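Keep in mind that the numbers below use all heavy atoms, side chains included, and drop hydrogens, waters and symmetry copies. For clarity, every value in this text was computed on a predicted model and none was experimentally measured.
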Amino acid sequence: MPFRPGELDQRINFEEKTSVDDGMGGSTDTWTEVAEVWAHVKPKGGNEKTEFDQVNAVTSYLFVIRNGLVVKPSYRIVWAGEVFNIRAPKKPKPRELYMEIDGEQGVAQ
């Protein structure tokens, strides 16, 4: 999918879950920023799921960033104060300029 650099007009953060010693023999999970990059953000759609008599709304987005960052499925994206799970980081070919990442909001980490 061709993009122009000017279309990457949103700042997003990639975060990774890390365990931190709580000082009492245990640990606490926390999210640590891995990178902050410019991105093109496009809504893809959404739906509602009913699980255990509870309705959950799920929204899908496409995030496009410049190629060069290694994005792990265990990362999450923070955009405009909202958290998105990474569902499918599509590995680009070596000479491609951009990487596409599918993200979902409204699902458990």
Going through the checks in order, is the side-chain contact (heavy atoms from CB on, under 4.5 Å) test met by Phe14 and Glu33?
-> CA-CA 6 Å; Phe14 289 95; Glu33 184 177 308; over 6 Å; no

Search all heavy atoms of Lys72 against all heavy atoms of Ile86 and return the closest pair with its distance.
->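 Taking every non-hydrogen atom into account, O-CD1, 3.9 Å.
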
Kindly compute the distance separating NZ (Lys44) from CD (Glu104), expressed to the nearest 0.5 Å.
->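 One gets 8.5 Å once the value is rounded to the nearest 0.5 Å.
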
To the nearest 0.5 Å, how far apart are OG in Ser74 and CD in Glu16?
->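 It is 5.5 Å, given to the nearest 0.5 Å.
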
Quick one: do Val37 and Arg66 satisfy side-chain contact (heavy atoms from CB on, under 4.5 Å)? Show the steps, please.
-> CA-CA 8 Å; Val37 298; Arg66 284 190 155 278; over 6 Å; no

Would you tabulate the side-chain donor-acceptor contacts of residues 20-27 under 3.5 Å, counting partners in other chains and residues two or more places apart, or write 'none'?
from: Asp21; atom 1: OD1; to: Gly23; atom 2: N; distance (Å): 3.2
from: Asp22; atom 1: OD1; to: Met24; atom 2: N; distance (Å): 2.9
from: Asp22; atom 1: OD1; to: Gly26; atom 2: N; distance (Å): 3.0

For Lys90, does the NZ atom have more than 12 heavy-atom neighbours from other residues, nucleotides or ligands under 6.0 Å away?
->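 It does: Lys90 NZ has more than 12 such atoms within range.
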
Which value, rounded to the nearest 0.5 Å, describes the distance between Arg87 atom CZ and Ile101 atom CD1?
->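 Between Arg87 CZ and Ile101 CD1, I get 13.5 Å after rounding to 0.5 Å.
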
Answer yes if Val70 and Val34 sit in the same cluster of Ile, Leu, Val, Met, Phe, Trp and Tyr residues linked by side chain heavy atoms under 4.5 Å apart, and no otherwise.
->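 Each belongs to a different hydrophobic cluster.
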
Please answer whether the main-chain N or O of Val64 pairs with a side-chain N or O of His40 as donor and acceptor at a distance below 3.5 Å.
->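 Not at all, since once roles are kept as given, no pair shorter than 3.5 Å links the two residues.
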
Could you state the interatomic distance from OG1 (Thr30) to CD (Glu15), rounded to the nearest 0.5 Å?
->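 One gets 8.5 Å once the value is rounded to the nearest 0.5 Å.
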
Show the numbers, then the answer: is there a side-chain contact (heavy atoms from CB on, under 4.5 Å) between Asn13 and Arg11?
-> CA-CA 7 Å; Asn13 296 312; Arg11 292 298 272 181; over 6 Å; no

For Tyr61, which residues count as a ring-ring contact (aromatic ring centres under 6.0 Å, His included) partner, sequence neighbours excluded?
->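 Result, ring-ring contact (aromatic ring centres under 6.0 Å, His included) vs Tyr61: Trp79, Phe84.
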
Point-to-point distance, once rounded to the nearest 0.5 Å, from CD1 of Ile12 to CH2 of Trp38 =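 CH2 of Trp38 is found 11.5 Å from CD1 of Ile12.
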
Flag side-chain contact, heavy atom, 4.5 Å: Asp102 against Glu100 |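 Of all side-chain heavy-atom pairs linking Glu100 with Asp102, none is under 4.5 Å.
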
Mind checking whether Asn67 and Tyr98 have side chains closer than 4.5 Å, heavy atoms only?
->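 No, every pair of side-chain atoms sits at 4.5 Å or beyond.
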
